[in-house]
Structures are given as structure tokens and as C-alpha cells.
Amino acid sequence: MADEQMAGPERGPGHERTPSSDPGREPGHARRRLPDGAVPAPAGPPPGPPRSAPPEQAAGRESRAQAPAPAEAPPAPPPRPLDPVDRDILHLLQTDGRASVRSVADQVHVSRANAYARINRLIEDGVIRGFGARVDHERAGQGASAYITLKIVQNSWRTVREQLRALPGAAHIALVSGDFDVLLLVHAPDNRALRELVLTRLQAMPEILSTRTLLVFEETELHQGH
């Protein structure tokens, strides 16, 4: 049995085509034929200038676009208590910062692994802040040394501290109690350079109210090697 094909309604030469349903066109409207080469106008209202978002929305987008602030580092844990062996290790390293782990272990009578672990723990806890060299300032060309006491404006310690750190020859800075506020140790090539530092650099700082200079005639460092 042959398949049957459904034929649509026959259209004669005078048969009119009914307009198809179009959601953008009202029923009964016939499609107008455009001239060749013409571009149909887009549907909807004519384009206008771009509308700016309300200030509240714009501010919200900007706040979302900003990167989150980095989290503050947690405070360092308190250092672990030191036992007599730890203190012996500290004394040895203060005397000779170049001492080997084997030498330290032999002198405090512990194994090399134990001494290595203890030194690492002291560094991690911030007890040992670094290793340096003891300098003879006179032989290094800084023959004049002085302790300088400073009276400063109230609540200006942090500002003063940062300015004192930038001074040439500043070796030690301390906030103290008593008749003055800050104690500063400086090394300079000679008394002339020392005088210039006090009169030109220190007294020009607005946070410093007064200074007093104490010349060092002789000094002795502790924890010297034998």
C-alpha cells in the first residue's frame, strides 16, 4: 500500500496568502516589501545615549570589584621557656656567632641533632634575631662616640624613632623613663662630625624639644671571646 502524502490547500492564481503570525506585528498587518538593498530598521524604540547606572548601583559594583583587604598576620606566639642548656647556647653564640653546631654541642654536652634543634627553636621564637660582627668603631674610622639624651613631644616616640634610625652612625635607641625620654648612642668620625649631627640633624627635628650630649671616653663590650 503506497504511502499517502497530505496535500495542502490548492492555491489558484488569484489566491491571497494570509499573513503568518508574528509576535512583533499586530494581526492583520501585511509585511511591507522593502526596496532592494534597503536595511530593515531594528524593532523597538530608537537607540539613545547610554544610560548611566544610579550612584548606588555603581558604588555597589565598584565595591564588589575591589580586591578583599589582606588579612592581618596573627600575633607571634610567646617564646617557650629557656632551660640552662638554651642559655649556655645563647652565651656561646653571643661570644662567637661563627661557632659551628658541632662545637656548640660539644661545649654544652648535648648531641649535634639536639643542639641544631635548639638553635632553630631559638631562631623561630625570635630569641635569636640574627648573627653579626662586633666592630671596633675607632679602628673602623668612627673615633668619636656619644650618648645623647632627648626630650621629645608627647606621643611622638614612633615618629622620632624612625627619624633617628636614618641618622648616620646611630647604634642604639631606647625609650626610657626619668628626666629625659630617649637615649641615643651614636658613632661619628670625629667631634666635628658629632657636633654637626647634634646641631644640624637632631635639633632640626620639630618633635625634639632639647638634647644633651655625653661624650664616651672609653667603652668595653661584654660577651667577648676569650
Side-chain angles (χ1 to χ4, degrees), residues 72-152 156-191 193-194 197-198 201-202 208 211-226:
E72 295 183 359
R80 286 160 279 191
L82 304 183
D83 61 18
V85 176
D86 292 329
R87 299 188 183 280
D88 289 342
I89 291 176
L90 287 177
H91 177 75
L92 290 173
L93 294 178
Q94 285 178 297
T95 303
D96 182 9
R98 301 175 62 186
S100 66
V101 176
R102 182 183 295 277
S103 173
V104 171
D106 291 342
Q107 294 184 68
V108 299
H109 308 292
V110 296
S111 68
R112 182 179 177 183
N114 189 310
Y116 184 83
R118 285 174 178 268
I119 293 173
N120 278 345
R121 177 170 58 81
L122 292 171
I123 295 174
E124 292 173 358
D125 287 352
V127 178
I128 296 178
R129 297 184 298 173
F131 299 88
R134 294 192 305 272
V135 178
D136 186 320
H137 297 285
E138 186 173 0
R139 297 182 67 86
Q142 293 180 315
S145 300
Y147 285 96
I148 305 173
T149 65
L150 312 172
K151 288 186 178 180
I152 62 175
S156 64
W157 158 241
R158 289 180 176 81
T159 302
V160 171
R161 179 182 58 189
E162 296 307 313
Q163 296 182 73
L164 297 180
R165 281 179 174 176
L167 289 177
H172 181 75
I173 307 168
L175 180 67
V176 297
S177 63
D179 295 335
F180 49 88
D181 304 310
V182 178
L183 182 63
L184 169 67
L185 172 62
V186 295
H187 303 288
D190 50 38
N191 287 340
L194 187 60
L197 184 143
V198 174
R201 300 292 295 270
L202 288 179
I208 295 180
T211 66
R212 185 179 180 185
T213 303
L214 308 173
L215 292 177
V216 175
F217 296 134
E218 185 177 347
E219 59 183 339
T220 301
E221 291 187 1
L222 303 180
H223 303 296
Q224 293 182 348
H226 301 289

Of Thr213, Leu184, Leu183, the one forming a side-chain contact (heavy atoms from CB on, under 4.5 Å) with Thr149 is Leu183
Would you compute the distance between atom [atom1] of [X] and atom [atom2] of [Y] and round it to the nearest 0.5 angstrom?
{"X": "Arg87", "Y": "His91", "atom1": "CZ", "atom2": "NE2", "result": "13.0 Å"}
{"X": "Thr211", "Y": "Arg201", "atom1": "OG1", "atom2": "CZ", "result": "14.5 Å"}
{"X": "Leu164", "Y": "Leu185", "atom1": "CG", "atom2": "CG", "result": "12.0 Å"}

Okay, side chain of Ser111, backbone of Asn114: is any donor-acceptor separation there less than 3.5 Å?
-> yes
Contacts of Glu219 that satisfy salt bridge (charged side-chain N to carboxylate O under 4.0 Å, His left out) - sequence neighbours left out | none
Applying salt bridge (charged side-chain N to carboxylate O under 4.0 Å, His left out), name anything that partners Asp86, two or more places apart in sequence or on another chain.
-> Arg118, Arg121
Might you confirm whether atom CG of Asp179 has over 12 heavy atoms from other residues, nucleotides or ligands at distances under 6.0 Å?
-> no
Start with the C-alpha gap between Ile148 and Phe180, add the side-chain angles, then the distance that decides, and say whether side-chain contact (heavy atoms from CB on, under 4.5 Å) holds.
-> CA-CA 10 Å; Ile148 305 173; Phe180 49 88; over 6 Å; no
Might you point out which heavy atoms bring [X] and [Y] nearest each other, and give the distance in Å?
{"X": "Arg129", "Y": "Gly126", "value": "CG-O, 3.7 Å"}
{"X": "Val186", "Y": "Ala170", "value": "CG1-CA, 4.0 Å"}
{"X": "Ala105", "Y": "Ala115", "value": "CB-CB, 3.7 Å"}
{"X": "Val104", "Y": "Ala99", "value": "CG2-CB, 4.0 Å"}

Going by heavy atoms in the side chains, are Leu202 and Leu167 under 4.5 Å from each other?
-> yes
Please tell me if the side chains of Ile89 and Val110 come closer than 4.5 Å, counting only heavy atoms from C-beta onward.
-> no
Applying side chain to side chain contact (heavy atoms under 4.5 Å, CB included), can you list everything that pairs with [X], at least two apart in sequence or on another chain?
{"X": "Asp181", "value": "Lys151, Ile152"}
{"X": "Ser177", "value": "none"}
{"X": "Asp106", "value": "Arg102"}

Among pairs that include at least one residue of residues 95-141, which meet ring-ring contact (aromatic ring centres under 6.0 Å, His included), considering only residues two or more places apart or in two chains?
-> His137-His187
side-chain contact (heavy atoms from CB on, under 4.5 Å) assessment of Leu122 paired with Leu93 = CA-CA 11 Å; Leu122 292 171; Leu93 294 178; 5.8 Å; no
Step by step, work out the side-chain contact (heavy atoms from CB on, under 4.5 Å) result for Asp125 and Arg80.
-> CA-CA 7 Å; Asp125 287 352; Arg80 286 160 279 191; 2.9 Å; yes
Give the C-alpha distance, both sets of side-chain angles, the deciding distance and a yes or no for side-chain contact (heavy atoms from CB on, under 4.5 Å) between Asn191 and Leu215.
-> CA-CA 9 Å; Asn191 287 340; Leu215 292 177; 4.3 Å; yes
